[in-house]
Amino acid sequence: MKKLFYLTSLLLITQVTGCIVFHSVSYEVNVNDDGTGTALLTIEDINTDAVTREAIDEDVKSILEHGLKSQQFVDDMKSEGKQIISRNVVIENEKLNAVVLYEFSEISRVEGLQFDDPYYYLTVPVEDSIISTNGQITKTAEYQRIVWDKSIKTLKFKMYSDDTNRAGLTSLAPYYLKEN
């Protein structure tokens, strides 16, 4: 993946056995007054660039076995300050999506979000594409920053990852459906 931000998100659902590609990632972060809270992460339109059936099957297995069922995944996320509440894979509009809900004890555990009273903010590289947010976007030559006033208790943002309609990608949705 070309962006570290998305690699962190991808690790929430799978061990990388091949090149898994997804369209976008969105966060809905509910913040308590003490800085703890929950984050709902949705990774949309999961695909692979694998060319053989065996490699595709490995990618599907990785998502199902590691991301959805393994204790190792839960332990890995706990070591990052993320207590997994739920994890699921769903098909929507014939696309495979992953949904993960976790608790955090510090806002910085959620993709590096920061709090500097009276604002929450997220700084991302200038080349990243912010699809939507309920915060305010500030752009400079070096970075982009989403800023939320602390009165906003649900911080939302959605980031673009990759074009999943390009040639050479295979949607994992049909393979997931065959497994279940």
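Predicted model only: the values in this text are computed from it and were never measured. We number each residue from 1, following the sequence as shown.
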Should [X] and [Y] count as side-chain neighbours, where that means a heavy-atom distance under 4.5 Å?
| X | Y | value |
| --- | --- | --- |
| T140 | V126 | no |
| V25 | Y160 | no |
| V100 | S86 | no |
| T48 | L169 | no |
| D45 | F22 | no |

Any link between [X] and [Y] through a network of hydrophobic side chains (Ile, Leu, Val, Met, Phe, Trp, Tyr) touching at under 4.5 Å?
| X | Y | answer |
| --- | --- | --- |
| I63 | I84 | yes |
| Y143 | L122 | no |
| I46 | L68 | yes |
| V51 | L172 | no |
| I137 | L113 | yes |

For E28 and K156, indicate whether the former's side chain and the latter's backbone hold a donor-acceptor pair under 3.5 Å.
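A pair under 3.5 Å: no.
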
I'd like to know if the side chain of D162 reaches the main chain of T164, judged simply by a donor and an acceptor atom lying under 3.5 Å from each other, with no hydrogens or angles considered.
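No.
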
Which residues satisfy the side chain to side chain contact (heavy atoms under 4.5 Å, CB included) test with D117, sequence neighbours excluded?
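F115, K150.
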
Does a side-chain N-to-carboxylate-O contact under 4.0 Å join K82 and D76?
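Salt bridge flag = no for D76 with K82.
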
Answer yes or no: are there more than 12 heavy-atom neighbours, outside E94 itself, under 6.0 Å from its atom CD?
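It does not: E94 CD has 12 such atoms or fewer within range.
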
